[in-house]
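Read the numbers this way: they start at 1 and go in the same order the structure lists the ligands and their atoms.
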Amino acid sequence: MTDDKAILAVDIGGTKTLVALVRASGVVGEVTVPTRREDGPDRWLEAALVAAGPWRGRFSGIGLAVTGFVRDGRWSAMNPATLGIPPDYPLVSRVEALFSRPAIAVNDAQAAAWGEHALGAGQGEDLVFLTISTGIGGGIVLNGRLREGLAGHFGLTTEGEDGDLLEDRVSGRWMAAEARRHGQAADARQVFASAAMGEAWAMDIVAASARRVARLCRNIQLALDPPRIVLGGGIGLAEGVIDRVRALMPPLGPVAPVPVCRAELGVRAGILGVADMARIAFSGAGR
Ligand code: BMX
């Protein structure tokens with residue numbers, strides 16, 4: 001039987017896709033499937049449809065939180081290294097045709113920002129959310145409203161003279177590449193473990209990444225002066241990262257550095273956020 005209040009929430013990231021049945025009270029059930037990068041969007045959606053099989057007919061609408069740029073229901077890659085989405089893929093119309101239910105779509109980090117604002121560390125207040133994982137995503141909630149479109153794509157800001165993308169100089173991908181440059185075969189998790197054991201090469205990588213995140217937070221404070229920045233993602237939540245970032249943020253003249261706090265919803269921020277947005281959209285209320 002259709003549950004009017006249940007939403008099917010689908011979070012498509014660069015490496016995995018989380019499919020969940022979400023009610024106002026929280027996540028009822030969830031399944032994670034790999035995002036097979038080589039398959040393309042039609043297949044990614046079919047995989048989500050299969051994963052949602054147990055909940056067929058139990059949801060009234062669908063919320064999609066996806067890595068990449070979303071406008072008017074169409075989906076494109078900003079950084080194809082994160083996921084190679086073809087330009088202007090008609091995401092919402094495809095999903096509505098596949099699932100026979102109304103759908104909305106929003107960028108994954110923007111959805112997570114809304115989740116943290118409404119249900120997590122934001123406590124209903126304005127915030128900037130940053131997720132530091134494969135890439136760097138972000139979302140901005142100001143005056144109680146989520147900014148959509150390009151807003152929050154902080155990973156695409158540039159770093160240094162050569163104009164590298166910030167997410168290519170901070171994220172998990174960069175940490176692994178830096179480790180290789182030091183002759184170490186280590187992923188981001190192993191870099192953190194080696195840094196904790198006092199290995200200099202790993203400590204340098206962790207410190208450089210935290211310095212760049214601190215600089216980004218400072219620039220965000222100067223641009224938007226939000227009451228808080230909420231940090232999430234595998235790197236953002238790794239042991240000691242938030243403390244380092246805080247320590248690297250001096251006051252701005254007479255103004256204290258913006259408080260940086262931990263994301264509370266973890267990997268579910270995107271699905272909880274987009275489910276909340278879908279519920280609001282389908283009830284006809286504004287966000
Ligand atoms: C990239 C960009 C953002 C996304 C961010 C984090 C693409 C495909 N993605 O900056 O839209 O929010 O990565 O994505 O251009 P994640 O998959 O690492 O969470």
Side-chain angles (χ1 to χ4, degrees), residues 9-19 32-41 44-45 47-48 63-89 91 105-116 127-141 146-159 163-177 187-189 209 212-213 216 220 229-238 241 263 265-274 277:
V10 181
D11 183 340
I12 304 179
T15 48
K16 53 187 183 316
T17 296
L18 182 56
V19 183
T32 303
V33 294
T35 308
R36 293 164 51 98
R37 304 169 67 85
E38 63 286 4
D39 278 357
W44 301 331
L45 295 179
L64 298 143
V66 293
T67 186
F69 176 68
V70 180
R71 177 169 283 167
D72 299 332
R74 293 181 165 267
W75 185 27
S76 308
M78 294 300 301
N79 184 354
T82 307
L83 191 61
I85 307 137
D88 265 342
Y89 180 81
L91 178 61
V106 64
N107 166 268
D108 55 355
Q110 291 169 347
W114 184 259
E116 289 289 346
L127 57 79
V128 170
F129 171 77
L130 280 178
T131 170
I132 304 173
S133 54
T134 322
I136 296 183
I140 301 168
V141 179
L146 177 71
R147 302 282 311 176
E148 295 186 44
L150 273 183
H153 274 83
F154 300 113
L156 306 178
T157 58
T158 50
E159 168 76 20
D164 280 354
L165 298 184
L166 180 65
E167 67 185 0
D168 293 340
R169 300 279 292 272
V170 171
S171 62
R173 258 188 285 124
W174 174 79
M175 287 190 159
D187 61 15
R189 191 184 301 269
S209 175
R212 290 174 187 146
V213 176
L216 173 61
I220 289 172
I229 293 177
V230 177
L231 209 54
I235 309 278
L237 294 176
V241 168
L265 304 180
V267 295
R268 291 177 169 157
I271 52 165
L272 288 169
V274 81
M277 292 169 73

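Checking each of Thr35, Thr32, Asp11 against Thr17 for a side chain to side chain donor-acceptor pair (under 3.5 Å) leaves exactly one that passes, namely Thr35. When each of Leu83, Asp108, Leu18, Val33 is checked for a side-chain contact (heavy atoms from CB on, under 4.5 Å) with Ile12, only Leu83 meets the rule.
At least one heavy atom of Gly14 sits closer than 4.0 Å to an atom of ligand 1.
When the side-chain contact (heavy atoms from CB on, under 4.5 Å) test is applied to Ala105, the partners found at least two apart in sequence or on another chain are Leu64, Val70, Leu91, Val92. For Asp168, the side-chain contact (heavy atoms from CB on, under 4.5 Å) criterion is met by Asn79, Leu165, Arg173, not counting sequence neighbours.
The shortest contact between atom 18 (O) of ligand 1 and any protein heavy atom is with Gly135 N, 3.2 Å. In terms of protein heavy-atom proximity, atom 5 (C) of ligand 1 is closest to Ile136 O, 3.7 Å. Atom 10 (O) of ligand 1 has its closest protein heavy atom at Glu167 OE1, 2.8 Å.
Taking a cut-off of under 4.0 Å to the non-hydrogen atoms of Met78, the atoms of ligand 1 that pass are 7 (C), 15 (O). Set against the non-hydrogen atoms of Leu83, the atoms of ligand 1 under 4.0 Å away are 8 (C). Atom numbering of ligand 1 starts at 1 in the shown order; those under 4.0 Å from a heavy atom of Asn79 are 7 (C), 8 (C), 15 (O).
Between the side chain of Glu116 and the main chain of Leu265, a donor-acceptor pair closer than 3.5 Å is present.
Counting only heavy atoms from C-beta outward, the side chains of Leu216 and Val170 never approach each other to under 4.5 Å. Using a 4.5 Å heavy-atom threshold, the side chains of Trp174 and Asp164 count as separate.
For Thr131, no nitrogen or oxygen atom sits less than 3.5 Å from a nitrogen or oxygen atom of ligand 1, counting backbone and side chain alike. Considering backbone and side-chain atoms alike, Gly155 places every N or O at 3.5 Å or more from each N or O of ligand 1.
For atom 2 (C) of ligand 1, the candidate residues are Asp108, Thr67, Thr15; the nearest heavy-atom contact is made by Thr67.
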